[in-house]
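Have a look at the structure below before the remarks.
Numbering of ligands and ligand atoms starts at 1, following listing order.
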Amino acid sequence: MAYAQVLSSPYAYASFNRVMPQGFRRSKGLSYFSVNSIINQDKQIHICMEMQRENGSGIKVPHVLTVAGSDSGAGAGIQADIKACAARGVYCSTVVTAVTAQNTVGVQGVDIVPEDFVAKQLKSVLADMQVDVVKTGMLPSIGIVKVLHQSLKEFPVRGLVVDPVMVSTSGDVLAGPSVLTVFREQLLPVADIVTPNLKEASALLGGLKLETISDMHAAAKLLHDMGPRNVLVKGGDLPDSLDAIDIFFDGENIFELRSSRIKTRNTHGTGCSLASCIAAELAKGSSMLQAVKAAKRYIEAALGYSRDIVIGNGPQGPFDHLLRLKRNIHNSSRQKGFDPSDLFLYAVTDSRMNKKWGHSIADAVKAAIEGGATIVQLREKDIETRDFLEAAKSCLKICRSHGVPLLINDRVDVALACDADGVHVGQSDMPAHIARTLLGPEKIIGVSCKTPEQAEQAWFDGADYIGCGGVYPTNTKENNVTVGLDGLKTVCLASKLPVVAIGGIGLSNAHAVMEINVPQLKGVAVVSALFDRQCVSTETRKLHSVLIEATSIVK
Ligand SMILES: Nc1ncnc2c1ncn2[C@@H]1O[C@H](COP(=O)(O)OP(=O)(O)OP(=O)(O)O)[C@@H](O)[C@H]1O
Ligand SMILES: Cc1ncc(CO)c(N)n1
Ligand SMILES: [Mg+2]
């Protein structure tokens with residue numbers, strides 16, 4: 001590859017910069033490229049600066065560097081730190097100090113990384129990346145603590161969070177008593193906060209007994225005398241306490257921070273995650289007290305969410321930092337992605353009609369599914385949010401038990417809150433690309449479109465299907481422009497996405513709609529024809545037969 005080609009290839013430059021931290025560029029990294037003999041370090045730096053200028057100033061993201069041990073079970077240590085930072089929207093780089101063979105039973109082995117290699121990792125990250133806050137976990141040797149202290153002098157950062165990890169909850173030693181002196185002498189005086197649990201606070205204080213909340217108050221003050229700006233003594237292991245109580249001392253004021261104690265075995269790694277979350281909040285710009293409070297709320301929420309998950313056979317399991325695992329395990333009979341054939345008989349609810357016939361939303365949905373509805377959309381315009389959420393939850397149960405997707409009209413918040421299968425948005429609702437960002441790649445998003453341009457935009461925005469109409473005049477939507485069968489056909493032919501026809505469709509005209517016979521048209525969406533009726537299941541069954549007949553003739 002010629003030098004000029006390298007210069008003109010953004011990908012080559014991006015990879016080039018990614019693989020080569022400053023110190024390595026000349027000697028090692030160049031072997032990645034055939035131009036290695038031509039580019040010298042000055043040119044590279046010049047080129048990088050030029051590229052940054054060309055791309056605008058770029059966006060600086062909050063950045064935590066964790067200096068900690070690896071936990072093979074991934075509940076604590078480096079792995080917990082990465083997940084906690086990700087959950088808080090902060091970038092996390094990692095310097096590994098030790099590798100542990102660890103699971104929910106205990107620690108089966110520890111291999112300490114040589115201190116010069118810890119130093120090398122520290123330099124790689126600190127010299128190149130804009131670290132805001134350093135968080136420390138397992139620092140298993142005196143040499144490693146000293147190396148860290150030296151690196152921080154050379155490359156100062158905005159904040160230092162020290163979690164003085166010593167013993168795992170299973171009782172295994174992660175950093176022996178020999179490091180206590182260097183901890184006290186070198187690390188604590190430069191720490192913005194130190195976050196010991198009861199045992200660690202006791203060890204740092206020479207074996208002081210800590211059994212009560214007032215003992216924790218005293219310990220926080222004594223630890224503060226060792227130099228850190230703030231102290232958090234964690235009470236996760238406080239015997240017989242109904243709440244999870246931590247004591248925070250900033251040198252002037254002392255705070256008892258309480259949260260409910262979650263009854264769960266899944267508390268492995270709470271300490272690491274709490275400290276990482278504090279570091280993440282500091283990196284985003286919070287004050288120390290705000291950061292600690294936010295971190296405590298985060299742990300409480302994550303433990304609450306994870307209380308029943310089962311990972312491993314030992315006494316202490318990991319929790320779910322991103323609050324997502326359960327969804328896939330339990331509720332999702334809808335493991336598959338979006339299937340366009342689900343649009344075949346698309347039932348859209350209407351609260352006024354349900355009220356008129358004395359149906360609850362859940363009863364109406366159940367009846368529609370029994371009659372053959374292949375997808376359901378809750379379109380509840382005049383309902384309180386809380387009632388909507390409750391109704392959505394009960395409908396979701398019904399839909400999941402029948403393998404029928406449930407979409408929410410317009411309300412992305414409600415869809416997220418009840419973990420529905422997706423949303424349907426109109427042209428004046430939440431833009432589809434923003435709904436996609438909020439809902440993630442797996443949820444279904446449908447968009448109402450009347451024109452080929454809108455259909456094109458929906459495709460571009462990452463929608464899964466479009467609803468096209470009103471095909472016929474309808475009184476479910478006021479002032480709705482009717483596109484007719486011709487308009488429907490034009491949009492279908494232009495659409496890259498599957499289409500469901502909507503608007504005034506029922507038993508009498510569903511056949512005519514399907515007869516336009518274009519491959520993009522997958523089915524019809526109906527409101528009144530199903531729900532403005534006494535017996536919803538009977539009406540749905542009849543419409544289902546009409547559609548089956550229409551499609552069998554058409555095909
Ligand atoms: N069951 C629980 N419910 C709610 N919060 C808890 C629970 N257990 C611990 N916490 C909170 O989690 C945080 C970590 O405290 P803990 O005393 O468990 O740290 P730790 O022993 O260092 O944790 P680990 O060694 O498992 O990483 C504290 O804020 C504590 O109050
Ligand atoms: C690697 C590692 N760091 C910290 C802890 C403390 O939870 C642990 N169990 N393992
Ligand atoms: Mg701990």
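- Proximity of Glu300 to ligand 1, defined as any heavy-atom pair under 4.0 Å, is not found for any part of the residue.
- Contacts between Ser70 and ligand 2, counted as non-hydrogen atom pairs separated by less than 4.0 Å, involve the backbone only.
- Comparing Asp237, Asn266, Asp243, Leu303 against atom 7 (C) of ligand 1, the shortest heavy-atom distance belongs to Leu303.
- With values rounded to the nearest 0.5 angstrom, Leu210 atom CG is found 11.5 Å from Asp237 atom CG.
- Ligand 2 has Cys272 within reach: a non-hydrogen atom of the residue lies less than 4.0 Å from it.
- Using modelled atom types and a 3.5 Å distance limit, the side chains of Asn103 and Gln108 yield a donor-acceptor pair.
- Checking Ile278, Leu198, Asp246 against atom 28 (C) of ligand 1, the nearest heavy atom belongs to Asp246.
- Using a 4.0 Å cut-off between heavy atoms, Leu174 contacts ligand 2 through its side chain alone, with no backbone atom that close.
- Where the criterion is an N or O separation shorter than 3.5 Å, residue side chain and backbone included, Gly269 meets it with respect to ligand 1.
- Salt-bridge annotation for Asp192 and Arg229: present, with a side-chain N of the basic residue lying under 4.0 Å from a carboxylate O of the acidic one.
- In terms of N/O distances under 3.5 Å, ligand 1 is not approached by Arg261.
- Every N/O-N/O distance between Val167 and ligand 1 stays at or above 3.5 Å.
- Shown in contact with His268 at under 4.0 Å from a heavy atom are these atoms of ligand 2, numbered in order with element: 9 (N).
- Of the charged side-chain nitrogens involved, at least one lies within less than 4.0 Å of a carboxylate oxygen, so that Arg158 and Asp132 count as a salt-bridged pair.
- Here atom 10 (N) of ligand 1 lies nearest to Ala244 when heavy atoms of Pro196, Gly137, Ala244, Ala201 are compared.
- Polar contact check, Thr270 against ligand 1: a nitrogen or oxygen pair lies under 3.5 Å apart.
- Only the side chain of Asn197 comes within contact range of ligand 1, with a heavy atom under 4.0 Å; no backbone atom does.
- Distances from atom 2 (C) of ligand 2 to the heavy atoms of Gly73, Gly137, Gly77, Gly269 show the closest one on Gly77.
- Between Asp215 and Lys209 there is no salt bridge, since no side-chain N of the basic residue sits under 4.0 Å from a carboxylate O of the acidic one.
- Any N or O atom pair closer than 3.5 Å counts here, and Ile299 shares no such pair with ligand 1.
- Between Lys234 and ligand 1, an N or O atom pair is found at a separation short of 3.5 Å.
- Side-chain polar atoms of Asp243 and Ser259 form no donor-acceptor pair below 3.5 angstrom.
- Contact annotation for Ser260 and ligand 1: only backbone heavy atoms (N, CA, C, O) come within less than 4.0 Å of the ligand.
- The existence of a salt bridge linking Lys443 and Asp464 is excluded, since no basic side-chain nitrogen approaches an acidic carboxylate oxygen closer than 4.0 Å.
- Of the candidates Ala74, Ala76, Gly69, Ala175, it is Gly69 that places a heavy atom closest to atom 1 (C) of ligand 2.
- Among the atoms of Gly236, some N or O lies under 3.5 angstrom from an N or O of ligand 1.
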Taking it one step at a time, do Lys234 and Asp163 satisfy salt bridge (Lys or Arg N to Asp or Glu O under 4.0 Å)?
CA-CA 11 Å; Lys234 299 173 295 189; Asp163 183 20; 3.3 Å; yes
